[in-house]
Amino acid sequence: MDANTLTVPSPADFHVHLRQGPMSELVTPHVALGGMHLAYVMPNVTPPLTSAEQTVEYIAQLQKHAPHTRFLGTMYLSPSITPDEIRRAAAAGVRGVKSYPRGVTTNSDGGIENYEVYYPVFEAMQECHMVLNLHGEIPSDPESGVCVLNAEPLFLAHLEKIHANFPKLRIVLEHATTRAAVECVKRCGDTVACTITPHHLQLIVDDWAGKPLHFCKPVAKTPDDRAALRDVIREGHPRFFLGSDSAPHPIASKYPSPASRNNSTAEFVHQCGCAAGVYTSAVLLPLCATLLESFGALDKLAGYVSEHGRRFYNEPAEPGRVVKLRRTTPDDKPVPASYVHASCLGKDDGDPTKLQVSPFYGGQRLAWAIVE
């Protein structure tokens, strides 16, 4: 290895959305295209995955789209999940349960309002060595002063309380965006970890306000918050690792227009809003290398994209299985502006039925590329 090449041991993305139907057909193979060997898949599909049987069936569908990628399944925390269902899920190979506070992100209308009612479920998870994945925000409430900019710090008390009551339960605070979240996870014991997305290592609030392709939940925060995320990656802290939160949405949902909706103008104006999600799967490993190099943490790449997460989830890499990166040259093409479903290749870009997703860094050249 020299200054222009990197070798990364079996990269793994411990937080990814792979959707359903044609969208899943399009993006599921992108996990491998982006350099990942393993994907930990979120359950907020429609309907959400609230049973072991549903989750196992969903993972089998993903496996058909990408036979050489390892997928780990999760269930959506809801009233239908009981301690017995946790035991069935663990026996079936389901690895975690994802908690969404009500209404904070895509397909979270059935989310959680009270965590204490789930303590018997958490007890069963602790016994079965399953992981609790927490979307770390509380719902916005203007009356009490809660908005997207402070929803994460206000959630952290829930994390600390669950950890105090279930100290052996492995918990992951997902896609942290604030200094407060980083400090909270550091204070917790070794059973609490945290995922950090590459886009949150790059973006601040100015980068998504009025810019739909950069809008996600949780939103990117202040320069100081971003500095805290970068610092903990540069430090190489073993409980912070990659979870991309790659969340594909059709371009028509990121840039909604009256022409793409079958309703009145008044109803459109009332309901209009771009979908929350940044799509990174197709370029994930080169993107991570590019961003970590930009703030002096390239030597921590293997820990961030593979070693720390695999250790926490007890998913060791296959010996000798690696991905090689090379530094790009001016002859390399930039990141595509979009990825289009094969059935839509002949459609005009203005056609709202054209299924295409626009990746992070679209149209820009990354500093690193996967060796073919």
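From a predicted model like this one, the values you see are computed outputs, not experimental measurements.
Counting heavy atoms from C-beta outward, T197 and S244 have side chains that stay 4.5 Å or more apart. Side chains of Y76 and M42 form no contact here, defined as non-hydrogen atoms less than 4.5 Å apart. Side-chain contact check for Q202 versus R230: some heavy-atom pair is nearer than 4.5 Å. You'll find the side chain of D207 reaches within 4.5 Å of the side chain of I204, heavy atoms only. Taking 4.5 Å as the limit, some side-chain heavy atom of P198 sits within range of a side-chain heavy atom of C288. Side-chain contact between H30 and L284 is absent, with no heavy-atom pair separated by less than 4.5 Å. Side-chain atoms of L229 and F295, non-hydrogen and from C-beta on, never get closer than 4.5 Å to each other. The shortest side-chain heavy-atom distance between Y118 and P79 falls under the 4.5 Å cut-off.
Between D332 and R365, no side-chain nitrogen of the basic residue sits less than 4.0 Å from a carboxylate oxygen of the acidic one, so the salt-bridge criterion is not met. A salt bridge does not link E174 to K98: none of the charged nitrogens lies less than 4.0 Å from a carboxylate oxygen. Checked for salt-bridge contact, K186 and E183 miss the test: no charged N lies under 4.0 Å from a carboxylate O. A salt bridge links E293 to R327: one of the charged nitrogens lies within less than 4.0 Å of a carboxylate oxygen. Of the charged side-chain nitrogens involved, at least one lies within less than 4.0 Å of a carboxylate oxygen, so that D190 and R239 count as a salt-bridged pair.
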Could you go through the side-chain contact (heavy atoms from CB on, under 4.5 Å) check for F14 and V172 one step at a time?
CA-CA 10 Å; F14 283 100; V172 178; over 6 Å; no

Should T177 and K221 be marked as a side-chain hydrogen bond (donor to acceptor under 3.5 Å, both in side chains) after you check the CA-CA gap, both sets of side-chain angles, and the distance that decides it?
CA-CA 6 Å; T177 65; K221 305 299 194 300; 2.7 Å; yes

Test side-chain contact (heavy atoms from CB on, under 4.5 Å) on D348 and K354; report intermediate values, then the result.
CA-CA 7 Å; D348 183 82; K354 183 175 182 178; over 6 Å; no

Walk me through it: do M36 and L242 pass the test side-chain contact (heavy atoms from CB on, under 4.5 Å)?
CA-CA 11 Å; M36 297 291 123; L242 172 64; 4.0 Å; yes

Chi angles and distances behind the side-chain contact (heavy atoms from CB on, under 4.5 Å) call for H65, S24:
CA-CA 8 Å; H65 298 321; S24 186; 3.6 Å; yes

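For CD of E127, the number of neighbouring non-hydrogen atoms (other residues, nucleotides, ligands) closer than 6.0 Å is greater than 12.
Here the side chain of D2 pairs a donor or acceptor atom with the backbone of T5 at under 3.5 angstrom. In this structure a side-chain-to-backbone donor-acceptor pair under 3.5 Å is present from T328 to L366. Looking only at distances, no side-chain donor or acceptor of K300 sits under 3.5 Å from a matching main-chain atom of H237. In this structure, the side chain of Q54 engages the main chain of T50 through a donor-acceptor pair within 3.5 Å. A donor-acceptor distance shorter than 3.5 angstrom exists from the side chain of R310 to the backbone of E315, with no hydrogens or angles considered. For the pair T191 (side chain) and P167 (backbone), a donor-acceptor distance under 3.5 Å is present. In this structure a side-chain-to-backbone donor-acceptor pair under 3.5 Å is missing from E137 to P101.
Linking ILVMFWY side-chain heavy atoms closer than 4.5 Å, directly or via other members, places V340 and L18 in two distinct hydrophobic clusters. Under the 4.5 Å side-chain heavy-atom criterion for ILVMFWY residues, no single connected hydrophobic cluster contains both V205 and V146. Cluster membership check: V182 does not share its hydrophobic cluster with V219, using side-chain heavy-atom separations under 4.5 Å among Ile, Leu, Val, Met, Phe, Trp and Tyr. The hydrophobic cluster containing L292 also contains L203, counting ILVMFWY residues as joined when their side-chain heavy atoms lie under 4.5 angstrom apart, directly or transitively. Note on L345: it does not cluster hydrophobically with V27, by side-chain heavy-atom contacts below 4.5 Å among ILVMFWY residues.
The aromatic rings of F155 and Y115 stand perpendicular to each other, their planes meeting at an angle above 60°, with 30° marking the opposite boundary. Using bins of under 30°, 30° to 60° and over 60° for the plane-to-plane angle, the ring pair Y279/Y339 lands in the perpendicular bin. Ring orientation note: the planes of Y119 and F166 are nearly perpendicular, at an angle over 60° on the 30°/60° scale. The aromatic rings of Y313 and Y40 sit tilted, their planes meeting at an angle between 30° and 60°.
Across every non-hydrogen atom of T7 and V322, the tightest pair is CG2-CB, 3.7 Å. The heavy-atom pair separating G96 from N133 by the smallest distance is CA-OD1, 4.1 Å. Closest of all the heavy-atom pairs between Q356 and S338 is OE1-OG, 3.2 Å. Residues G73 and V94 come closest through the heavy atom pair O-CG1, 3.5 Å. When all heavy atoms of C216 and V278 are compared, the pair lying nearest together is CB-CG2, 3.9 Å. Looking at every heavy atom in both residues, P11 comes nearest to V323 through CD-CG2, 3.6 Å.
With H175 as the fixed residue, the ring-ring contact (aromatic ring centres under 6.0 Å, His included) test singles out one of H200, H199, H15: H15.
Taking the six-membered ring wherever Trp is involved, the centroid distance between the rings of H68 and H37 does not fall below 6.0 Å.
In this structure, E123 CD and I86 CD1 are separated by 12.0 Å, a value rounded to the nearest 0.5 Å. Distance CE/M130 to OG1/T74: 8.5 Å, rounded to 0.5 Å. Atom CD1 of I233 and atom CG of L301 lie 10.5 Å apart (nearest 0.5 Å). Between the OG atom of S78 and the CG atom of L49 there is a distance of 10.0 Å, given to the nearest 0.5 Å.
Every residue two or more places apart in sequence or in another chain that forms a side-chain hydrogen bond (donor to acceptor under 3.5 Å, both in side chains) with D225 is listed here: T222.
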